[in-house]
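Throughout, protein chains are lettered first and strands after them, A, B, ... in sequence-line order, and every chain is numbered starting at 1. Keep in mind that the numbers below use all heavy atoms, side chains included, and drop hydrogens, waters and symmetry copies.
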Amino acid sequence: MPTSSEVTPVVEVEKGRRPAGSTTRSAKRGERKGAAARVLGFVNQKGLTPAIVVVLMIVVFWAMNPSGVTLNTLSTLFDQSAALLMLALAQSLVVLMGRIDLANSALASFLCVLLVIWLNTLGPIAIPLVLLLGVAIGALQGWVHMYFQIPSFVVTLAVSGIVGGAGLIASGASAVSLIQNFELVQWFYESPGGIPLAFVIGAAIAAVLAFFVAKTARGRTLKAIGSNQRATAYSGIRTTVTVVLGFALAGLLIGIAAIMTVGQLGTASSGIANSLLLPSIAAVVVGGTAISGGTGGPGRIVFGALIIALLRIGLDIIGVPQEFQPIVYGVIVIAAIAITVNRSRTLSVV
Amino acid sequence: MDNSLLARFRRATHGQPVPALIALALIVVVIAAQAPVFMTAGNIANVIDQAAIPAIIVVGLSFVILMGSIDLSVEGVMAVGSMSAALLVANDRNSLDFGLWALPVVMIIGGVLGLVSGLAVTRLRIPSFLATIAIASVASGIALILFGTSAKPQIVDPVFIDLTQGTFLGFTKVSWLALVIVLLGLVIQRYTRFGRYAYVIGGSEEIAKLSGIDVRRYRLLAFVIAGMCSSLAGALTASRTSIGSTTPGDGLLFLTIASVVIGGTILTGGRGGVLHSVIGVLIMGVIVTGMVLIGVSGFYQQIIQGVVLLVAVTAVAWKLRRPMRVVM
Amino acid sequence: MSAAEPTVAQTSTEAPALRLTDVSKSFGVVNALTKVSLEIRPREVVGLIGENGAGKSSLLKILSGNQTADSGTMELRGRPVTFSSISQAMSNGVAMVYQEQSLLPNVSVAENILLGNERGAVRDGFYRWKQMHRTAQRHLDEVKSGVSPSDITDTLPFAQRQMVEVAKALATGDGSPYDPVILLDEPTSVLESGDIETLFSVIRRVKEHASIVFVSHRLEEVLEICDRVYVMRDGEVVAEVDPAEADVDQLFRLMVGRDLTSGYFREDLSTEPTPDVRLAIESLTGPGFSDVSLGINRGEIVSILGVQDSGRENLGRVLFGALPAAHGSVRIDGERVGLRSTRDAVARGIGYLPSERKIDGAIMGMSVADNMTLAHPDVVSTLGVMRSRRVREVADEWIRRLAIKTSGPAAEMVNLSGGNQQKVVLAKWMLAPDLRVLILDTPTRGLDVGAKSEVYAILHGLAAKGVSIILLADSLEEGIYVSHRVITMADGKVTGEFTSRPGNRPSRTSLIERML
Amino acid sequence: AGCSTGGASNADSGETCDETNTHLVMSFRGIDNEYYIAVEAGAKAFAESVGAGDRYQWIENKNDSAKQVAQITQILAETGKCTAINVDPNENAIVPAILNAAKKVGAKVVVQWTLPPGDVTPESYGSTFTSFMAENAETQGYGIAKALFDSMGGKGNVVAIQGLLDNTAQQGRQAGLERALEEYPDITLLDAQPADWDRTLAQNLMQSYLTKYGDQINGVWAANDSLGLGALAALRAQGRTDVGVVGIDGLEESLNEIAKGTGKGGYIATNMSKGSIQGGIGLDIAYQAVTGAIDPDKEPSLNRAFYLETEIITKDNAETALSAPLVADMDFDDPFAVAFEPVFDDK
Ligand SMILES: Nc1ncnc2c1ncn2[C@@H]1O[C@H](COP(=O)(O)OP(=O)(O)OP(=O)(O)O)[C@@H](O)[C@H]1O
Ligand SMILES: Nc1ncnc2c1ncn2[C@@H]1O[C@H](COP(=O)(O)OP(=O)(O)OP(=O)(O)O)[C@@H](O)[C@H]1O
Ligand SMILES: [Mg+2]
Ligand SMILES: [Mg+2]
């Protein structure tokens with residue numbers, strides 16, 4: 001019996017028409033996989049690719065500059081990426097619900113400013129206060145988004161402008177620094193026994209979130225909303241409440257990111273964390289969470305954040321010339337996403 | 001069929017940026033009441049001049065967004081456009097002197113960058129959100145390499161500079177150029193297969209595929225066109241400032257995307273269009289100018305822009321609001 | 001039209017328009033098609049029937065270039081071909097109207113009708129709107145629709161949109177110089193009876209110069225319109241039937257491989273409701289309906305019949321809290337239901353099965369088990385933490401009890417056939433610890449006869465346990481034979497109420513009278 | 001701490017740093033303008049003068065604060081104690097983090113432009129913070145304002161185009177403008193709005209100013225030359241050659257404008273930047289602190305925190321400025337010769 005590939009593809013095509021085969025189809029791809037592809041598919045399915053990419057990158061960096069990749073430099077790198085990890089985790093919750101949070105780093109900056117001011121004036125109460133405010137602003141964003149039915153992209157874009165301006169006013173347009181209570185936030189950046197505390201705490205929070213999303217009823221509804229919000233609502237789940245909660249939880253993580261940042265710097269300004277927005281989104285996607293929502297989860301973000309951290313700082317370590325760094329960065333991000341994105345799940349990519 | 005006046009008006013204006021126009025009119029009225037000088041011919045020409053380059057960007061951006069994708073590479077591609085334009089026309093760095101022929105060359109370069117974004121999206125299946133961020137990074141690296149290690153290249157070609165600084169019938173030449181490009185965008189949107197399929201693909205990629213439409217090809221083309229528009233905008237910024245720069249588009253990404261959204265082109269695709277986005281650009285431009293004319297403190301401008309963005313989008317999208325509607 | 005094209009002298013009536021030989025197709029472990037051989041002759045309507053998941057859609061997708069076969073050959077007008085894309089199939093005169101076909105809401109009717117198939121209306125990439133409108137108008141005239149080609153699709157009422165779909169089906173086959181082959185995958189499942197008649201008359205007319213493959217679960221329709229019928233079972237063609245010599249029972253037997261012993265609507269399983277009122281609706285008013293009062297007893301099945309825009313669908317949605325009620329009250333077992341959110345409804349023991357399974361019912365990206373347990377996580381969790389083993393057990397149990405065809409609880413919904421997806425959505429409510437009222441919006445739409453019959457059996461079983469059921473029936477027969485009582489609605493008002501017991505069924509005509 | 005691979009272990013080992021093992025690090029924003037090109041040229045000149053060309057590293061943060069902190073922390077984790085850092089902080093808020101990272105391993109830092117927030121000074125912080133070097137933003141803003149006002153004959157109206165509002169240079173320059181305004185009672189400041197250091201935004205803002213104030217405007221004070229040149233383009237487009245513009249940075253383009261201008265209207269003045277000195281001498285000071293050639297704790301107050309001499313360029317000296325070499329003549333043996341004026345008054 002002839003197989004389809006042996007059949008001569010004779011196609012009647014009339015003159016002047018679009019040539020035969022001008023469109024190629026994708027369904028055929030992936031139907032016949034070799035053993036290697038199956039292994040890769042399994043690795044991808046289990047979300048292990050980001051971890052492998054991290055290891056590969058470290059090996060490559062080490063090969064290029066052995067003295068730059070040591071236990072010491074790596075633990076420094078982990079520590080440096082703790083705030084980024086927090087913001088990426090916050091982003092991942094939002095992305096999981098099919099939304100996006102463009103205010104995430106601007107809110108972190110704003111909370112940093114308030115944390116410094118309040119630690120100076122109100123004392124230790126500043127920490128719970130900042131976390132609460134993060135939760136409140138997050139929840140408010142989620143509510144405005146759901147109640148007015150404005151895309152999260154727009155709401156958070158607007159909020160990033162608003163909290164940015166508010167931070168400017170609160171800080172009096174200059175840096176504010178901690179004059180007391182530094183010890184309350186600084187301990188994050190101690191490394192008892194060489195263990196990068198900030199990153200370890202970050203990873204622990206990621207583990208808790210991963211459990212929440214994968215194993216709890218409430219966490220699963222985040223995913224369900226990201227896959228099909230209407231069907232979730234038709235299952236008797238309060239989607240508005242859930243989305244608001246998701247944004248609120250993200251706000252909490254952003255508050256933690258702010259505490260970590262202040263712990264690291266001892267000061268704050270209205271734009272101190274702003275540059276972390278795009279890296280936080282990249283970390284989420286490189287970590288294998290589909291930007292369209294519904295798949296992936298916080299567990300993988302740890303490796304996504306490490307990949308991005310390695311890219312942001314690692315290129316300096318191995319001495320890539322400055323003007324080539326943006327190019328290398330862009331190319332590696334595309335390559336990393338290309339191999340970590342689980343294509344079988346997403347029907348269309350936009 | 002409902003034939004009340006309101007219903008007939010609704011049908012006649014279907015797909016037209018009516019809410020955005022109303023918003024624009026309201027904002028103009030408010031500003032003109034506070035600062036009567038706003039309504040002078042000179043100021044209107046200024047507002048249009050300032051809107052010209054963002055308008056060119058949103059023409060390309062609109063097609064990408066209509067298809068449900070997004071292009072965040074605007075600033076990076078503009079940097080390449082600015083640097084390559086500055087180095088191609090008469091300048092103080094090299095002996096090249098392409099004159100206005102630099103523009104098509106720059107647009108081809110931008111088109112190639114758009115092509116790479118498009119290929120990453122359609123072939124590697126990377127979400128456009130990230131593919132274009134990555135390309136923005138690559139583009140800014142290219143701009144840095146073009147910049148090298150000497151001072152910003154100064155443009156000395158008077159014809160090229162006159163493109164943005166000279167006037168014609170009371171408006172800057174670049175305003176007219178933008179008008180031509182916007183009209184071209186409207187023609188493409190209304191009369192070409194590409195333009196119509198942008199709506200189809202944004203409406204439902206699945207139906208488009210099942211109808212035998214080569215979705216990837218059109219999506220790719222949208223990114224190419226967006227790249228061309230952005231690089232042209234970069235070149236025109238170089239003309240306007242008479243230097244090549246690696247950061248000619250700072251802040252324009254926020255501005256253009258906010259404009260597109262305010263105009264009523266929805267980010268999930270399928271609705272809106274070039275005209276919507278251009279009106280969005282005018283709204284943003286009017287607000288920025290208006291705040292200066294009224295004399296709003298710089299501290300509050302960011303907040304006001306954010307609030308206006310929220311309010312405008314809420315107003316524009318209010319009629320779409322209904323129970324169980326899903327908005328991501 | 002094609003007959004006018006000089007290049008094609010379609011005299012060889014004997015060469016089949018399409019012939020398949022030993023075509024197989026599998027998805028992983030699922031064999032969707034096994035060595036299927038069949039032919040489609042010029043100027044005939046070929047019926048294709050089979051249970052959900054029998055492989056009908058898969059077969060059509062291969063014919064239309066949407067997918068490629070794993071093995072086997074296909075001949076188009078006597079020459080071997082492989083379609084590697086939809087547009088290739090279209091330019092060779094093979095076109096398909098999909099089961100889940102819907103129109104693009106945001107573009108004009110004309111664009112929808114000629115989508116991907118614009119031919120002369122687009123020259124060198126440029127639209128010639130006049131010609132486009134003219135061509136579209138011609139197809140609209142064929143279906144006798146008053147719609148204008150320049151209307152934007154989502155401004156049309158539902159009924160008109162359906163006719164546009166039909167017009168599109170006609171236009172789709174119009175793209176080649178050859179007599180077209182038009183593949184219709186369940187075109188009638190979303191049509192009302194009047195529109196079905198229009199479609200049939202159109203099919204008869206088009207048949208003069210085209211071959212048509214017609215897939216439907218409504219066997220009467222198949223017998224009415226088809227010249228020849230292929231019966232599929234488990235990916236194989238098991239019979240070729242001449243409709244003139246067959247009846248519904250015979251077709252059913254061939255499809256499912258067993259007799260339709262106890263009656264299609266499973267009236268044998270029907271039980272008497274208890275006399276106590278479970279659901280009391282009082283002067284309820286909502287979007288599209290007003291002043292509805294209704295009492296439903298424990299264990300009673302009430303079907304509501306009405307045409308498009310009768311308001312019955314929204315009544316269902318309001319009862320479930322998915323749409324806001326303007327005023328009125330709803331009580332279950334005497335307790336008032338909040339009606340503010342779907343959550344209120346579920347908390348009171350109400351379940352709801354939406355009509356648009358793919359959009360509102362199933363979460364395609366999630367597993368069968370996740371879909372089943374989504375509404376009642378408490379059943380499978382302790383203190384909010386899901387117990388994986390319990391999830392698997394519960395899902396396995398319902399897969400078995402409802403005979404769901406799937407590889408297991410972890411299978412993704414998207415890989416199930418329509419009928420089986422519907423059963424999963426049903427199971428979502430059945431595992432509720434205290435289900436009191438189940439509202440079903442056209443639950444059997446697009447299901448095969450066997451699956452329909454199984455759904456009816458499930459409904460009777462639920463009623464026997466005391467669940468009250470509101471059924472927005474898909475057909476008059478369904479409404480009449482499955483329920484204890486039939487309510488008719490028109491223009492947002494209840495217009496009639498009929499008891500429906502064996503031997504005392506309301507007549508079709510009396511119902512239709514009240515529905516208009 | 002017995003770990004011998006970790007670079008940070010250098011901190012507690014007694015190892016001395018000399019010409020053969022000292023790392024030179026320049027941490028700046030980018031290299032895409034004249035100022036940074038001069039900075040790097042000066043720094044390279046110094047690195048080569050001590051034969052450390054292969055241990056010299058230029059890192060960029062592209063206006064990304066978090067990245068700058070991470071980069072420096074990361075480099076220090078590798079190179080440790082024998083590291084001389086010359087840093088242009090992206091914003092003052094991150095200076096403490098940079099200093100703390102350096103202190104942890106024992107490296108030495110020279111900070112350009114912006115002091116850490118609070119009352120932290122090199123002397124109060126300790127030897128890690130070897131020196132602070134800057135141009136006096138207030139003097140700059142004052143100097144160009146004075147040049148502008150003088151060109152206007154001491155009377156008339158000006159508008160100001162500001163940089164980013166939360167930037168310390170902007171704030172200092174603005175203060176200088178205000179001091180000058182006090183000295184010239186007949187000059188009125190009509191308006192001051194930010195244009196975020198962006199040439200295009202400055203051009204747009206100037207157009208709006210012209211709409212709002214029209215002929216009232218006699219002069220434009222811009223917080224840097226990019227803004228000034230943007231404003232100049234807007235003025236030119238409206239044929240307003242009578243309005244004078246001043247800026248800061250000494251861009252070649254503005255020097256040219258000043259040189260070919262009339263001194264009344266058009267580009268009036270700018271402030272010559274000292275890129276190569278900030279790059280070369282800044283690195284030199286950090287290097288000498290690392291090798292022990294200087295002991296920061298023993299240096300006088302002036303040498304710990306100083307301003308460079310401010311040089312206002314007007315039509316009189318524009319030609320000279322234009323012909324000056326990229327790298328200024330520097331005496332690397334006596335780095336503190338450039339310390340012109342103390343930042344903190346002696347207590
Ligand atoms: N993409 C796919 N991946 C995996 N399995 C598939 C896929 N498409 C179809 N199948 C399986 O192939 C079988 C045949 O499906 P098909 O859709 O052809 O059935 P059908 O006869 O059209 O059913 P229905 O009447 O419900 O539409 C089913 O078991 C289905 O689950
Ligand atoms: N969310 C809504 N808000 C306001 N009005 C609505 C809403 N949805 C539908 N309507 C209007 O209410 C009326 C009834 O709609 P509905 O969908 O309930 O009819 P129907 O029950 O679906 O008919 P059928 O059962 O035959 O499909 C229509 O005129 C429709 O336009
Ligand atoms: Mg099917
Ligand atoms: Mg309906």
Has [X] got more than 12 heavy atoms of other residues, nucleotides or ligands less than 6.0 Å from its [atom1]?
X      : atom1 : value
C:D491 : CG    : no
B:W101 : CH2   : no
B:R321 : CZ    : yes
C:R123 : CZ    : no

- Query: Run the side-chain contact (heavy atoms from CB on, under 4.5 Å) check on C:F126 and B:R193 step by step: do they pass?
  - Reply: CA-CA 6 Å; C:F126 277 84; B:R193 203 190 278 272; over 6 Å; no
Greatest number of non-hydrogen atom pairs under 4.5 angstrom with chain B, of C:P105, C:G125, C:S64, falls to C:G125
Highest number of heavy-atom pairs under 4.5 Å with chain B among C:D124, C:I152, C:V122 belongs to C:I152
Nearest heavy-atom contact between B:P323 and C:P324 is CG-CD, 3.6 Å
Shortest non-hydrogen pair, B:S211 vs C:L115, comes out as OG-CD2, 3.4 Å
With a 4.5 Å heavy-atom cut-off, do B:Y191 and C:R128 have their side chains touching? no
Look up atom [atom1] in [X] and atom [atom2] in [Y], then write down how far apart they are to the nearest 0.5 Å.
X      : Y      : atom1 : atom2 : answer
B:Y199 : C:E111 : OH    : CD    : 9.5 Å
C:L104 : B:R196 : CG    : CZ    : 11.0 Å
C:M90  : B:I213 : CE    : CD1   : 8.5 Å

Assert top hit (heavy-atom pairs under 4.5 Å, partner chain C, pool B:A208, B:G195, B:G270, B:G202) equals B:G270
